[in-house]
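By convention in this document, chain letters (A, B, ...) are assigned in the order of the sequence lines, proteins followed by strands, and residues within each chain are numbered from 1. Note that these values count all heavy atoms, side chains included, but never hydrogens, waters or copies made by symmetry.
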Amino acid sequence: MFLFDPFFWEVVISGLLAGVMYALVALGFVLIFKASGIFNFAQGVLALFAALTLVGFQTGQIPFAHLLEALFGLHASHWGEGMNTVLALFLSLVVMIGLAWLIVKIVLRPLVNQEGIILFMATIGLAFVLEGVGDLMWGANVKRLDVGLPEGPSDFLLDNTGMFIEKLEISAAVVAIILVVTLMIFSQYTKMGRALRAVADDHQAALSVGISLETIWWVVWSISGLVALVAGVMWGAKSGVQFSLSLIALKALPVLMLGGFTSIPGAIIGGLMIGVGEKMFEFYIGPMIGGATENWFAYMLALLFLLFRPQGLFGEKIIERV
Amino acid sequence: MSLKAVETFVTEDGRSIGPVILEVKDITLKFGGVTAIQNISFDIRGGEVRAIIGPNGAGKSSMLNVINGFYHPQEGEVWFKNELRAPMKPYQIAYQGIARTFQNIALFKGMSTLDNIMTGRFTHMSSGIFAQAWWKGAAEKEEFSNREKVEQIIDFLEIQKIRKTEVGRLPYGLQKRVELGRALAAEPRLLLLDEPMAGMNVEEKEDMSRFILDVNEEFGTTVALIEHDMGVVMDIADRVVVMDYGKKIGDGTPEEIRKNQVVIDAYLGISHD
């Protein structure tokens, strides 16, 4: 019976843990899409930028060191030993909040009331600019990110159940769950949270009760920045901080197709489904068809959803009024 | 400050209404080559029910949008509470005490009736995010007093049964009522209603008229409303502004408007939809 097979459970659990990471990236998309109707192509780059900034602070890099060298002949690339992780995380968050403010003022405000596709294009531009700025600021080399999270397989699980589960993935899942619960409480029970949901539903009505759209956008992009930071840290700790990190955004797309673009629970469940589905498919069906199914399974699933349920599992049904 | 700002005014049914709280002066609003509002002036007195009527496309909603800050007129001034109002964003105007409803209902469809009306109290919530996270006590007290106000409004509008219902699922008439509730929750000095009775049946219209009059009498709220149903307007309004093709063609008590030949020719004489 497969239910008693530890191997089966190992596949399920590692799938769930991977799914949490996908959900984390998808969450950033959903937050912005709900509040402003913008599909933020730059979400992946935001995660990369956040991770680069964190490593930069941690290791005491001087931002724009190469630029300063070219312009003024300064040869220093580090200002010291760096700082401890907690302070670096805090400062990175401050940078992300500042970045959110800049995005609202420079990109979003001039484009207010424009078509969704134009805003989408603007975020593509933003992605390229941010990637360039990230490169210029912190350099293009692959960096190791160590935030002190436990690594290696969990001995406890290995000894007692025979399952091989990475400690890093467990802690990533725990952090993600804390983040999601905090966001839920924030959006349900605070003034700002209620305002956020109001803006997501109707811009005009939100303005008429005294809610400032720009403030809300700033808050939303800051929260997305926070989510990007967490996602960047987790993915960065797993596979190093490199520019391909921005491609994790692509992994979030199928999650959004499944969960719907407008649902936070959808993003989470979509992420978990893809994580588990991917691993199960790879382990049980993969060997029959030559393996490497993890590369395309999620996209195939998304395609099926697009064909049969385009609004996703939890998204609002799209009704065109005539 | 004009003289009108202090004197009171006695309406047809002998009610005395207060001094002017809002005055628009020589407003002109253009969209490209189209002039939506041309050189319009009128005032709204504290405690009155002021109606703006006119055929479709007369510029009534645009006028409301000017007062509420959605549109910024090219020319003219808006005086509110005896002060010339600088160009403001709609959310700032909400903080000044002007609330409104919309012609095509603009509710937060995913939220319950209760949450919708609660959101209407936004301008009365002082605690920011951080205060709410750390000063739990003060925030809770505030939430409690806001909840109390919201419950009063729910009782007043007789919508207890739908408190927890998602408003997107409510019938049209009830949605209009919830929207009124949300505007009332702000405890506005001036309440703008854009066709509060459009698309309603006779019974719903009677209910809505009653609510508007009760709001006006019990809370002393000044109401400015746009309405098509002449019977309703003549019944509930203290004074009426008539617009046609972006111009003002009449201004006075319902009785005066009834006798005004220009208005009769332009509006009452011909059939209106």
Side-chain angles (χ1 to χ4, degrees), chain A residues 30 33-35 37 93 97 100 104 109 112-113 181-220 222-223 226 260-266 311 314-319 321, chain B residues 64-65 68-70 88-112 114-133 136 139-140 142-143 146 166-168 178-179 182-186 188 191-192 194:
Chain A
V30 171
F33 191 81
K34 262 180 89 80
L93 184 60
I97 291 173
V104 171
R109 194 166 64 168
V112 81
N113 282 336
V181 170
T182 314
L183 281 178
M184 290 281 198
I185 291 172
F186 171 76
S187 101
Q188 287 296 324
Y189 299 108
T190 65
K191 175 192 183 186
M192 201 48 90
R194 208 180 273 120
L196 230 85
R197 284 188 292 148
V199 170
D201 267 358
D202 194 307
H203 285 184
Q204 270 205 328
L207 281 168
S208 83
V209 298
I211 298 168
S212 152
L213 286 186
E214 270 183 42
T215 311
I216 294 301
W217 284 341
W218 184 28
V219 171
V220 169
S222 299
I223 295 174
L226 168 68
F261 281 83
T262 49
S263 166
I264 292 176
Q311 73 270 33
F314 302 91
E316 287 152 27
K317 195 162 187 153
I318 308 146
I319 302 167
R321 288 200 182 179
Chain B
L64 227 54
N65 284 336
N68 156 249
F70 277 130
M88 272 185 191
K89 300 220 168 109
Y91 75 90
Q92 293 169 315
I93 285 166
Y95 272 93
Q96 285 206 329
I98 298 182
R100 70 167 292 171
T101 64
F102 295 83
Q103 192 174 345
N104 311 311
I105 304 170
L107 282 167
F108 309 124
K109 296 219 161 45
M111 296 191 204
S112 66
L114 193 70
D115 272 350
N116 264 278
I117 300 179
M118 194 71 181
T119 313
R121 290 209 56 82
F122 190 80
T123 52
H124 294 269
M125 299 179 196
S126 52
S127 314
I129 319 172
F130 297 107
Q132 282 195 320
K136 212 164 164 286
E140 251 170 20
E142 192 190 272
E143 180 94 1
N146 281 327
E166 209 180 278
V167 295
V178 174
E179 205 191 8
R182 187 183 62 199
L184 284 179
L191 177 61
L192 308 172
D194 195 348

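Proximity to chain B (any heavy atom under 4.5 Å) is shown, for A:Ala200, by neither the backbone nor the side chain. For B:Leu107, the part lying near chain A is the backbone, with the side chain staying farther off; criterion is any non-hydrogen pair under 4.5 Å.
For the atom pair B:Asn65 CG and A:Gln204 CD, the distance stands at 7.0 Å (nearest 0.5 Å). Rounded to the nearest 0.5 angstrom, A:Asp202 CG and B:Ile105 CD1 are separated by 11.0 Å. Separation of atoms CZ (B:Phe108) and CZ (A:Arg194) is listed at 11.0 Å; rounding is to 0.5 Å. With values rounded to the nearest 0.5 angstrom, A:Ile211 atom CD1 is found 6.5 Å from B:Thr119 atom OG1. Distance CD/B:Glu142 to NZ/A:Lys191: 7.5 Å, rounded to 0.5 Å.
The shortest heavy-atom contact between B:Ala94 and A:Ser208 is CB-O, 3.5 Å. Annotation for B:Phe122 and A:Val209: closest pair CB-O, 3.6 Å, computed over non-hydrogen atoms.
Between chain A and the options B:Asn68, B:Asn146, B:Asp115, heavy-atom pairs under 4.5 Å are most frequent for B:Asp115. Considering only heavy-atom pairs separated by less than 4.5 Å from chain A, the leading option among B:Glu179, B:Met118, B:Gln92 is B:Met118.
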